[in-house]
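Only this structure's heavy atoms are used, side chains among them; waters, hydrogens and symmetry mates stay out. These numbers were taken from a predicted model, which means no experiment stands behind them.
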Amino acid sequence: MWRDEEPPEPRYDGPFCQISRDGVFYVVAIEPRLAGAGEPQSYSCKSAAWGQMLAWAQQFRLPVRDLTNPKVGPRA
């Protein structure tokens with residue numbers, strides 16, 4: 001008997017709420033930009049940047065992307 005398999009979900013290609021490094025600063029942004037969303041913001045503390053990223057992700061219901069993680073990086 002064959003198992004009914006669900007087709008795979010299409011790859012997500014919408015906006016992400018992301019955190020990245022820019023020198024000594026952490027930058028939080030929504031990429032690609034959304035109308036009505038905040039401008040990218042820079043923080044000197046990763047925990048403050050992380051908090052802003054999570055707040056935007058919750059407010060706009062977006063997935064998050066951590067580009068500060070060396071296993072993810074900007075190539076993802």
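Nearest heavy-atom pair, V64 versus A57, reported as atom, atom and distance to 0.1 Å: CG1-CB, 3.6 Å. Of all non-hydrogen atoms in G14 and P32, the two that sit nearest each other are O-CD, 4.3 Å.
Counting only heavy atoms from C-beta outward, the side chains of L62 and L34 approach each other to under 4.5 Å. K46 has its side chain within reach of T68: a pair of non-hydrogen atoms, C-beta onward, lies under 4.5 Å apart. Inter-residue side-chain proximity for P63 and Y12 is flagged as met; some heavy-atom pair is nearer than 4.5 Å.
With side-chain heavy atoms closer than 4.5 Å counting as contact, directly or through intermediates, the hydrophobic cluster containing V24 also holds F25.
Between atom CD of residue Q52 and atom OG of residue S42 there is a gap of 11.5 Å, rounded to the nearest 0.5 Å. One distance of note links CG of L54 with SG of C17; it measures 7.5 Å at 0.5 Å rounding.
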Exercise for the section: Any chance you could lay out the side-chain contact (heavy atoms from CB on, under 4.5 Å) test for W56 and Q18, step after step, and finish with the verdict? Expected result: CA-CA 10 Å; W56 279 352; Q18 69 182 25; over 6 Å; no

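The list of side chain to side chain donor-acceptor pair (under 3.5 Å) pairs with a residue in residues 22-40, not counting sequence neighbours, reads R21-Y26, R33-E39.
Residues I30 and W50 share a single hydrophobic cluster, defined by chaining ILVMFWY side chains whose heavy atoms lie under 4.5 Å apart. Neither V27 nor L67 shares a network with the other; the hydrophobic side chains, linked directly or stepwise wherever heavy atoms of I, L, V, M, F, W or Y lie under 4.5 Å apart, form separate groups for each.
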